[in-house]
There are 2 protein chains.
Amino acid sequence: MKQITKYVLRHDTKRLFTYRQCLIGFKRKGFDRIFSYNLGEEAGVTAEQVRKDFSVFKIKGNKKAGYKIDDLLTAIEEVFKYQLNQHVIIVGMGNIGKALVQYKRFMLRKMIIVASFDIDPTKQSKRWGIPILPLEMLDDIIKRFHVKVAIIAVPEMSAQDIVNKLIDLGIKGFLNFAPVILKTPENIVVHNINLCDELESVIYYTQKVVE
Amino acid sequence: MKQITKYVLRHDTKRLFTYRQCLIGFKRKGFDRIFSYNLGEEAGVTAEQVRKDFSVFKIKGNKKAGYKIDDLLTAIEEVFKYQLNQHVIIVGMGNIGKALVQYKRFMLRKMIIVASFDIDPTKQSKRWGIPILPLEMLDDIIKRFHVKVAIIAVPEMSAQDIVNKLIDLGIKGFLNFAPVILKTPENIVVHNINLCDELESVIYYTQKVVE
DNA sequence: TTTTAATTGTGAAATTAATCACAACTATGA
DNA sequence: TCATAGTTGTGATTAATTTCACAATTAAAA
Ligand SMILES: NC(=O)c1ccc[n+]([C@@H]2O[C@H](COP(=O)([O-])OP(=O)(O)OC[C@H]3O[C@@H](n4cnc5c(N)ncnc54)[C@H](O)[C@@H]3O)[C@@H](O)[C@H]2O)c1
Ligand SMILES: NC(=O)c1ccc[n+]([C@@H]2O[C@H](COP(=O)([O-])OP(=O)(O)OC[C@H]3O[C@@H](n4cnc5c(N)ncnc54)[C@H](O)[C@@H]3O)[C@@H](O)[C@H]2O)c1
């Protein structure tokens with residue numbers, strides 16, 4: 001019970017996501033091969049950084065001829081391969097939950113939202129492609145779909161309770177939108193998204209840059 | 001035109017946001033003073049980290065008696081003081097835009113969403129406390145409220161166009177939800193939130209931890 | 001076939017961040 | 001008043017990340 005929000009992805013690993021996104025874009029535009037500086041410019045990092053990252057993951061290019069995009073994509077998929085088509089649930093179908101459940105890009109990236117949950121019975125009748133279920137169904141769904149990851153979109157007040165319950169039911173990882181630091185046992189992954197902090201960072205830095 | 005998504009907040013600065021949040025919580029629970037390990041536990045970092053961070057910002061405590069919460073809050077506000085009550089706009093009032101515009105916590109944190117914008121005329125009739133305006137009104141609102149920061153919640157395809165237009169109109173900082181790396185001149189602050197990447201990170205790490 | 005110019009791959013150096021370790025301080029109780 | 005135990009404050013150390021710099025490679029031109 002010491003580390004709470006640890007298990008932060010290494011910077012280089014996280015950048016692979018960005019590279020993949022850029023590479024898909026390049027491919028769509030008809031490119032076949034790219035150089036580290038092309039990818040770097042698109043991804044917002046230096047060319048050296050790109051090469052260094054690939055070096056860490058033993059991804060090889062061709063001197064003078066750059067990298068074959070398909071090879072890069074294959075190599076990146078290899079790093080993340082075992083996590084494709086994972087099932088995810090969302091708890092809390094208020095404003096942010098509703099937005100997330102309709103976000104098609106999760107599916108494109110092979111992350112499958114299998115169900116959502118809300119305590120409010122009036123919401124349970126509605127559906128956005130996937131059903132909105134009462135909390136009593138959590139156990140069943142988690143077992144049936146072998147769900148390991150949940151998105152927390154309930155009010156701050158309820159977040160810790162819901163997380164405790166979900167851990168009991170076998171959930172191991174959380175993407176948490178409630179602005180609270182969750183208390184969890186070791187070896188539970190918690191990743192907090194605090195949009196107030198993010199917006200405030202932007203304001204802070206904007207004022208610094210503007211002087 | 002070299003660095004794109006730079007101006008990342010220093011880690012210690014960003015943690016101040018978390019500390020503030022925790023301190024407000026402690027205060028609400030009736031506490032008056034705290035020790036570095038209390039705050040560390042609540043914030044999910046070590047006690048040494050807390051003390052080191054305060055040390056960097058010259059925030060002093062009292063040996064043996066810890067820190068006075070009010071003093072800490074005052075000191076943290078001092079770091080961020082000049083950015084209170086900043087005006088912000090949102091562009092794109094689809095799923096995520098609607099969720100954000102209704103998020104009351106921005107206001108609690110003294111960040112004021114003054115207006116939102118959408119290209120779709122049928123959305124412009126609706127309102128969620130603040131008006132949804134056509135893009136023609138951007139110039140007027142930005143000038144009138146001295147807006148420097150915008151939240152981008154338009155489809156990927158439109159994001160770069162909108163950002164170009166906003167930069168022309170004087171916007172200096174962006175919180176961008178569209179999963180594209182924006183091309184901007186130097187000294188424009190861009191902070192990307194890529195929720196697919198975040199969810200995928202959680203899945204990746206969860207699988208690593210579970211083995 | 002040889003030369004050339006462009007690009008990769010990666011140690012080394014520099015920077016940034018986190019942890020350690022302990023001296024200095026101070027509230028409290030003897 | 002003095003001793004003590006519990007905390008802070010921070011320099012030193014270690015770890016992570018980025019940048020630098022350049023040798024090795026190679027596609028393409030001569
Ligand atoms: N709206 C936003 O843009 C936004 C942005 C960032 C973070 N957040 C955070 O996300 C969370 C949800 O925000 P929101 O704006 O969607 O709030 P909301 O009030 O619109 O939605 C909360 C939903 O959770 C449900 N709920 C409440 N208790 C529950 C429980 N114990 N189990 C299951 N469901 C429960 C409610 O019925 C409601 O549908 C909050 O913690 C908020 O701080 C919201
Ligand atoms: N829905 C989510 O949960 C979610 C999560 C993360 C990121 N995003 C990203 O946020 C963006 C918006 O997503 P969404 O789900 O809200 O999409 P959406 O289609 O629901 O909403 C997009 C809105 O932008 C408006 N729009 C389109 N072009 C515009 C323009 N040029 N100027 C002004 N307004 C314009 C549309 O009329 C629409 O109202 C996308 O880039 C998406 O990838 C969405």
Side-chain angles (χ1 to χ4, degrees), chain A residues 2-19 22-23 26 31-72 75-76 79 181 186 201 205 208, chain B residues 2-19 22-23 26 31-72 75-76 79 201 205 208:
Chain A
K2 196 148 163 242
Q3 310 284 33
I4 312 281
T5 315
K6 284 297 160 173
Y7 303 121
V8 179
L9 263 197
R10 292 173 55 90
H11 289 25
D12 47 15
T13 312
K14 199 152 188 202
R15 276 192 300 267
L16 289 188
F17 292 127
T18 311
Y19 297 149
C22 295
L23 289 167
F26 276 117
F31 288 95
D32 203 37
R33 313 183 131 271
I34 42 147
F35 300 125
S36 56
Y37 54 85
N38 301 133
L39 185 52
E41 180 167 4
E42 193 70 14
V45 301
T46 64
E48 297 78 25
Q49 181 86 81
V50 170
R51 297 203 300 276
K52 189 68 156 183
D53 288 340
F54 287 168
S55 164
V56 168
F57 290 100
K58 311 267 181 262
I59 298 174
K60 300 284 175 184
N62 180 323
K63 298 191 192 206
K64 186 90 195 240
Y67 301 86
K68 266 184 41 199
I69 291 179
D70 280 334
D71 288 357
L72 285 180
I76 292 173
V79 174
I181 309 297
E186 291 262 15
S201 304
Y205 246 96
K208 286 209 127 180
Chain B
K2 195 149 164 241
Q3 309 285 33
I4 312 282
T5 315
K6 283 298 161 172
Y7 302 121
V8 178
L9 262 198
R10 293 173 54 91
H11 288 27
D12 47 15
T13 312
K14 198 153 188 201
R15 276 192 299 267
L16 288 189
F17 293 127
T18 311
Y19 297 149
C22 295
L23 290 168
F26 276 116
F31 288 94
D32 202 36
R33 315 183 130 271
I34 43 147
F35 299 125
S36 56
Y37 55 83
N38 301 133
L39 185 52
E41 180 167 5
E42 193 69 13
V45 301
T46 63
E48 296 78 24
Q49 181 85 82
V50 171
R51 296 204 300 277
K52 189 67 156 183
D53 289 339
F54 287 168
S55 164
V56 167
F57 290 99
K58 312 267 179 263
I59 298 175
K60 300 282 175 188
N62 179 323
K63 298 189 193 209
K64 187 92 195 239
Y67 301 85
K68 266 186 39 200
I69 291 179
D70 280 333
D71 288 356
L72 285 180
I76 292 174
V79 174
S201 304
Y205 247 96
K208 287 209 126 177

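Order of the sequence lines sets the chain letters (A, B, ...), proteins ahead of strands, with each chain counted from 1.
- Residues meeting the side-chain hydrogen bond (donor to acceptor under 3.5 Å, both in side chains) test with A:Ser36, sequence neighbours left out: A:Arg51.
- A straight line from CG of A:Asn38 to P of C:dA6 spans 15 Å, rounded to a whole angstrom.
- Using a 4.5 Å heavy-atom cutoff, the side chains of A:Phe26 and A:Asn38 are in contact.
- Across all strands shown, A:Phe54 has no heavy atoms under 4.0 Å from either base or sugar-phosphate atoms.
- One interatomic measurement links the two molecules: CZ of A:Phe35 to C1' of C:dA5, which rounds to 12 Å at whole-angstrom precision.
- Side-chain contact check for A:Val45 versus A:Asp53: every heavy-atom pair is 4.5 Å or farther apart.
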Short N/O separations, protein against nucleotides 21-25 of chain D, under 3.5 angstrom:
none

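- Residue B:Lys58 has no polar side-chain atom (N or O) positioned under 4.0 Å from OP1 or OP2 of D:dT10.
- Looking only at side-chain heavy atoms (C-beta outward), A:Tyr19 and A:Leu72 stay at 4.5 Å or farther from each other.
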Would you list the protein and nucleotides 11-16 of chain C atom pairs, both N or O, that sit under 3.5 Å from each other?
residue: C:dG11; atom: N7; partner: A:Lys52; partner atom: NZ; Å: 3.2

Worksheet item: Checking side-chain contact (heavy atoms from CB on, under 4.5 Å) for the pair B:Leu23/B:Phe31: CA distance, chi angles, key distance, verdict?
Response: CA-CA 9 Å; B:Leu23 290 168; B:Phe31 288 94; over 6 Å; no

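- Every residue two or more places apart in sequence or in another chain that forms a salt bridge (charged side-chain N to carboxylate O under 4.0 Å, His left out) with B:Lys14 is listed here: A:Glu198.
- At a threshold of 4.0 angstrom between heavy atoms, the contacts of B:Asp12 with the nucleic acid are absent.
- Taking atom CG of residue B:Asp53 and atom P of nucleotide D:dG9, one finds them 13 Å apart after rounding to whole Å.
- In this structure, A:Gln49 does not reach the D:dT17 phosphate: none of its side-chain N or O atoms is under 4.0 Å from OP1 or OP2.
- Computed from coordinates, the B:Lys60 NZ to D:dT7 C1' distance equals 14 Å when rounded to whole Å.
- A:Ile34 CD1 to A:Leu39 CG: the interatomic distance, rounded to the nearest 0.5 Å, is 4.0 Å.
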What pairs of donor and acceptor atoms, side-chain ones from residues 59-70 of chain B against any protein atom, are under 3.5 angstrom apart with sequence neighbours left out?
residue: B:Asp70; atom: OD1; partner: B:Lys27; partner atom: NZ; Å: 2.9

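- Counting non-hydrogen atoms under 4.0 angstrom, B:Arg15 reaches the backbone sugars and phosphates but no base.
- Shown here are the salt bridge (charged side-chain N to carboxylate O under 4.0 Å, His left out) partners of A:Arg10, two or more places apart in sequence or in another chain: A:Asp12.
- A sub-4.0 Å separation between OP1 or OP2 of D:dA27 and a side-chain N or O of A:Asn62 is present.
- Put simply, A:Thr46 has a side-chain N or O that comes within less than 4.0 Å of OP1 or OP2 on D:dT19.
- Residue B:Ser36 places at least one side-chain N or O closer than 4.0 Å to OP1 or OP2 of D:dT8.
- Spacing between atom OH of A:Tyr67 and atom C1' of D:dA27 amounts to 16 Å, rounded to whole angstrom units.
- Between A:Lys14 atom NZ and D:dT18 atom P there is a gap of 12 Å when expressed in whole angstrom units.
- Distance, B:Lys68 NZ to D:dT8 P: 15 Å, rounded to whole Å.
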Practice prompt. Run the numbers on A:Thr13 and A:Phe57 for side-chain contact (heavy atoms from CB on, under 4.5 Å), then give the verdict.
Written response: CA-CA 9 Å; A:Thr13 312; A:Phe57 290 100; 3.7 Å; yes

